[in-house]
K.L.:
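Just dropping this structure here.
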There are 2 protein chains.
Amino acid sequence: MATDSSLPGTAAFRLMVLGTDLANDFAAHLRETGLTPKHLGALAMVEQGFTRTQDDIARLMRVSPSLVVRLADQLEQRGLLERRRDPANRRKHLLTVTGKGESLLSEMGSLAAAVDAELGARLGGRLSGQLDEALAQLMGKLMEDRSRKSP
Amino acid sequence: MATDSSLPGTAAFRLMVLGTDLANDFAAHLRETGLTPKHLGALAMVEQGFTRTQDDIARLMRVSPSLVVRLADQLEQRGLLERRRDPANRRKHLLTVTGKGESLLSEMGSLAAAVDAELGARLGGRLSGQLDEALAQLMGKLMEDRSRKSP
DNA sequence: TATTGTTATACTCTATAACTATA
DNA sequence: TATAGTTATAGAGTATAACAATA
């Protein structure tokens, strides 16, 4: 892919650096709420309909089930997420995003859109459209892979 | 930028998710060495000539100076990095990557290249070239911004 | 006084393992 | 016996603040 195959010249390295740097920014904006980027990711997964249970979240995000308990606890405490037992299988908790949760997602969506605008300014219209397209496809494949092996 | 401006539809969100996920993969591969992705990042910054002192690293990577001390300590202990006092300004430590450090960077570069190949397979040649171009430009601007305000 | 680096300390995030309950 | 979730515990990673040395 990259013409330079030394570590800093790879797309993988750059994705890692840019992505973790962005995660730091999001973390800073979330700090006052006591939430982390992972809380946000979990909430977004639920809202998008990728997950119905805590187990789904753990697999999709590749985090331990015990962490999901904590994330869900804290999201629930803040009124952003609802847990209720699945009547059909009382081991499961069905998760839904509350109105307040939607608000938070929307608010953070605005922050993300502002970042996108800045990226757009740095890349120009052509390249930034291409970046969007590539990232959307990678994200889609990732979700697809991790959704497999679980109805 | 993105046609969908909800959080999960933004480039910023996807960069964050894909980047931190990749960082986890790198962390797993580094585990046996006792190093983290940040150690690797610091080493790469030094090797690329972006930084000459610990202070530079802290600013470029946006981490605390005290963390840089620990990173440098551990890299030095493993013979990957050398610290020597700057004779011209004895407060500073001039950092250089050792041969062993270059080897590690090269090894992790191969891992990154393998990831790039997989990304390429998922995106196809056209899109993956465009992703490379966009990421390279974003990374360049980032380094440029953070190098400013410090000769 | 300002810069560079260090130490001491404490806190946040996360995983592992053992457990409960349901199936 | 297997699955979904929970609790208890411990460890890794990081920042803050106080400090030392040099300029």
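None of the values given here were measured: they were computed from a predicted structure. Quick note on labels: first sequence line is chain A, next is B, and so on, each numbered from 1. We use all heavy atoms of the structure for the numbers below, so side chains are in, but hydrogens, waters and symmetry mates are not.
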K.L.:
With the criterion being N/O to N/O and under 3.5 Å, what pairs connect the protein with nucleotides 21-23 of chain D, and how long is each?
P.N.:
from	atom 1	to	atom 2	distance (Å)
D/dT22	OP1	B/Arg90	NH2	3.2
D/dT22	O2	B/Arg91	NH1	3.2
D/dA23	OP1	B/Arg90	N	2.9

K.L.:
Are any of the side-chain nitrogens in B/Asp145 or A/Arg122 under 4.0 Å away from the carboxylate oxygens of its partner?
P.N.:
yes

K.L.:
Earliest and latest nucleotide of DNA chain C, 5' to 3', sitting under 4.0 Å from a non-hydrogen atom of chain A?
P.N.:
C/dC13 to C/dA23

K.L.:
Identify whether the distance between the nearest side-chain nitrogen and carboxylate oxygen of B/Asp56 and B/Lys92 falls below 4.0 Å.
P.N.:
no

K.L.:
Give a yes or no on whether the backbone of A/Arg146 and the side-chain of A/Arg59 come within a donor-acceptor separation of less than 3.5 Å.
P.N.:
yes

K.L.:
With sequence neighbours excluded, tell me which residues meet salt bridge (Lys or Arg N to Asp or Glu O under 4.0 Å) with A/Arg84.
P.N.:
none

K.L.:
Taking B/His39 for its side chain and B/Thr36 for its backbone only, find out whether a donor-acceptor pair lies under 3.5 Å.
P.N.:
yes

K.L.:
Could you tell me whether the side chain of A/Thr98 and the main chain of A/Leu80 form a donor-acceptor pair under 3.5 Å?
P.N.:
yes

K.L.:
Which letter, B, S or -, goes with each nucleotide of nucleotides 10-15 of chain D from 5' to 3', with contact meaning a protein heavy atom under 4.0 Å?
P.N.:
---SBB

K.L.:
With a 4.0 Å limit, can you tell me whether A/Arg59 has a side-chain N or O closer than that to the phosphate oxygens OP1/OP2 of D/dT3?
P.N.:
no

K.L.:
Return all side-chain donor-acceptor pairs below 3.5 angstrom for residues 66-73 of chain B, not counting sequence neighbours, or 'none' if the list is empty.
P.N.:
from	atom 1	to	atom 2	distance (Å)
B/Ser66	OG	B/Ser64	OG	3.2
B/Asp73	OD1	B/Arg83	NH2	2.2

K.L.:
For A/Glu144, enumerate each residue passing the salt bridge (Lys or Arg N to Asp or Glu O under 4.0 Å) test, keeping only those at least two apart in sequence or located in another chain.
P.N.:
A/Arg148

K.L.:
Just by modelled atom types, is the B/Asn24 backbone N or O under 3.5 Å from a matching donor or acceptor in the A/Arg62 side chain?
P.N.:
no

K.L.:
Can you tell me if A/Ser106 uses its side chain to pair, donor with acceptor, with the backbone of A/Glu102 under 3.5 Å?
P.N.:
no

